Amino acid sequence: MAKVIETEDLSVAFGEGDGQNIIFRHLNISVEAGEFVTLVGVSGAGKSTLLRVIADLIPPYEGSVKIDTPQDRARRRIAMVFQSANLMPWRKIGDNVGLGLEGIEVSPEQCRERVRSTLDLVGLGDFSDRWPYQLSGGQRQRVGIARALAVDPDILLMDEPFGALDAITRIALQDELLRIWRETKKSVLFVTHDIEEAVYLGDRVLLLGDRPAHIVNEYKIDIARSQRREGENFMRKVEEVKAGLVDAMALSDGAA
Amino acid sequence: MNTAHRYALSVTGLVGFLVFWEAISQSGWISTTLLPPPSSIAPSLVSEIQEGIWHWMVWASFRHYAIGFFIGSFLGVTLGVLVALFPKVEASQAWLARVLRPIPPLAWIPFAIIWFGISETAAAFIISIGIFWINYFTAMAAVQAVDKDLIEVARAFGHRTFPALLKKVILPGAAPGILSGLRAGLGQGWMTVVAAELFGIEGIGQRMMEASGLLATDVVILYMFSIALLYGISDYIFVSIQNKILAWQR
Ligand SMILES: Nc1ncnc2c1ncn2[C@@H]1O[C@H](COP(=O)(O)OP(=O)(O)OP(=O)(O)O)[C@@H](O)[C@H]1O
Ligand SMILES: [Mg+2]
């Protein structure tokens with residue numbers, strides 16, 4: 001399988017000189033075409049930062065990120081769902097969803113259609129003409145998801161996209177995301193705090209920890225997705241990842 | 001407090017003020033030359049209009065004001081935005097602005113006359129100075145305060161060139177600040193109009209000087225009210241436009 005994301009000895013640091021803060025060092029991770037990878041780690045480990053370098057929003061300090069996806073002028077290669085929705089308050093909801101469609105080769109009709117269908121998908125089909133301030137936090141977060149899906153990216157980077165949602169909406173959107181992923185063969189890198197969510201969604205779970213961060217552990221989830229909400233194997237896997245996270249926290253505390 | 005209630009209170013406040021003033025004037029405690037009653041405004045207005053003075057002066061002042069407002073606002077906003085966007089420009093203006101800023105617009109009068117003569121240009125120049133500084137600093141602050149996360153979002157969705165970021169994030173994000181600067185300039189401009197005309201440029205200010213020389217204080221008051229009216233109208237129009245542009249704010 002081809003790798004769509006590959007980091008090579010990737011390091012990221014903020015600041016310079018004495019105040020320099022190295023977030024992670026010599027990180028080597030990869031995501032294969034069509035793979036669903038989840039990323040867990042304690043708060044402040046550098047998960048959002050990793051997504052940012054991959055999306056080319058901040059530069060690497062050392063090493064590199066390789067993105068290998070086909071070029072298609074009617075789509076974008078990478079789209080990101082941010083940890084906080086970050087909608088543009090001066091754009092109506094529909095125009096927020098259309099943000100990434102401006103500047104790529106889609107006709108106005110296609111554009112409207114994509115905005116409409118992705119808003120329907122996140123259950124906000126009637127909200128196209130509202131202003132962001134008229135939405136709840138969870139609704140805004142869903143608009144952020146629609147905005148990323150609208151550009152039909154090959155790679156979907158998702159930073160705790162379901163964090164602000166109630167359990168029922170969250171489960172529905174998880175399954176919706178899995179369906180889209182299966183049908184469109186996207187590659188997904190998905191950050192979450194919720195270990196059950198990580199094990200439920202991922203083909204692989206990466207555990208980012210320690211300081212500077214690196215991948216302290218990696219879990220392959222070879223349980224059929226239909227067996228994942230509960231069941232012996234699923235629960236065991238969740239416990240295993242949880243134990244790994246606790247170890248990783250002990251590790252960073254020791255280092256600090 | 002609903003809109004009607006608010007409206008009623010505002011009217012009561014203004015009318016109450018006028019009645020109080022009229023009463024003091026009529027009581028005879030103070031000579032009507034020192035304090036002409038508000039009821040004298042209407043007759044003075046009629047006579048000024050009959051003599052063809054009022055609309056002539058108001059129109060002249062409005063011209064100075066409009067030209068000064070547009071030039072001062074345009075330069076202030078443009079330079080303020082540029083300074084905020086380019087750190088090197090910001091650094092190079094930091095001390096220069098501190099030197100020039102505290103000079104009041106009226107202190108420029110001698111130079112305005114030397115450079116432009118006793119002319120409309122001179123009045124517009126003086127008016128534009130105060131407006132320039134207000135817009136310069138508010139536009140700079142507004143751009144600096146634009147949410148960096150939204151710039152990141154725009155970049156993540158493929159808008160990475162400077163013009164694209166300017167159009168999609170920086171200007172809309174700075175719009176509330178820029179508009180409030182323009183509005184402050186709108187008021188500041190009327191305050192300098194009169195002063196800019198005191199030295200002989202035709203307009204409300206000149207007419208007020210003339211009238212006060214003749215102790216025609218009722219005429220002075222008439223023009224004071226005329227300025228208030230002009231400001232009220234321009235501010236009202238501005239706020240309605242502003243509300244349309246900023247409909248996205250709660
Ligand atoms: N722009 C920045 N400048 C300086 N330090 C930063 C910056 N952004 C993040 N950091 C630091 O980098 C570290 C990792 O931050 P990051 O946001 O990637 O964490 P995270 O794993 O996503 O945490 P969370 O789960 O809480 O979202 C933190 O210690 C943070 O303080
Ligand atoms: Mg984060």
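Residue numbers start from 1 in every chain, and the chains themselves are labelled A, B, ... in the order their sequence lines are given, proteins ahead of strands. Bear in mind the structure is a predicted one, so any value in this text is a computation, not a measurement.
- Contact tally against chain B (heavy-atom pairs below 4.5 Å) for Met80(A), Arg76(A), Met88(A): the top residue is Arg76(A).
- Nearest heavy atoms, Leu57(A) versus Arg160(B): CD2-NH2, 3.7 Å.
- For the pair His159(B) and Leu99(A), the tightest heavy-atom approach, listed with the atom from each and the gap, is NE2-O, 2.8 Å.
- For NZ of Lys148(B), the number of neighbouring non-hydrogen atoms (other residues, nucleotides, ligands) closer than 6.0 Å is greater than 12.
- The number of heavy atoms from other shown groups lying within 6.0 Å of CH2 (Trp248(B)) is above 12.
- Between Gln134(A) and Arg250(B), every side-chain heavy-atom pair lies at or beyond the 4.5 Å cut-off.
- Only the side chain of Arg91(A) comes within less than 4.5 Å of a heavy atom in chain B; its backbone stays farther off.
- Around the NE2 atom of His5(B), the shell of radius 6.0 Å holds no more than 12 heavy atoms that belong to other residues, nucleotides or ligands.
- Proximity to chain B (any heavy atom under 4.5 Å) is shown, for Arg77(A), by neither the backbone nor the side chain.
- Contact of Tyr133(A) with chain B is made through backbone and side chain together, with heavy-atom distances under 4.5 Å.
- Contact annotation for Ala154(B): both backbone and side-chain heavy atoms come within less than 4.5 Å of a heavy atom of chain A.
- A distance of 11.5 Å separates CZ in Phe157(B) from CD1 in Ile78(A), rounded to the nearest 0.5 Å.
- The contact between Ala247(B) and chain A is made by backbone and side chain atoms together, counting heavy-atom distances below 4.5 Å.
- With a 6.0 Å radius and a threshold of 12 heavy atoms from other residues, nucleotides or ligands, Glu16(A) has its CD atom at or below the threshold.
- Surrounding CZ of Phe162(B) are more than 12 heavy atoms belonging to other residues, nucleotides or ligands, all under 6.0 Å away.
- Counting heavy atoms of neighbouring residues, nucleotides and ligands inside a 6.0 Å radius, atom CZ of Phe62(B) does not exceed 12 of them.
- Comparing Ser84(A), Ala148(A), Pro132(A), Pro89(A) by heavy-atom pairs within less than 4.5 Å of chain B, the highest count is held by Pro89(A).
- Closest heavy-atom contact between Trp90(A) and Gly173(B): CZ3-CA, 3.5 Å.
- Of all non-hydrogen atoms in Leu150(B) and Leu87(A), the two that sit nearest each other are CD2-O, 3.5 Å.
- For the set Ala164(B), Ala156(B), Ala175(B), the count of heavy-atom pairs under 4.5 angstrom toward chain A peaks at Ala156(B).
- Across all non-hydrogen atoms, the minimal contact from Glu152(B) to Phe82(A) is OE1-CE2, 3.7 Å.
- Within the 4.5 Å cutoff, no side-chain heavy atoms of Arg155(B) are placed close to those of Asp56(A).
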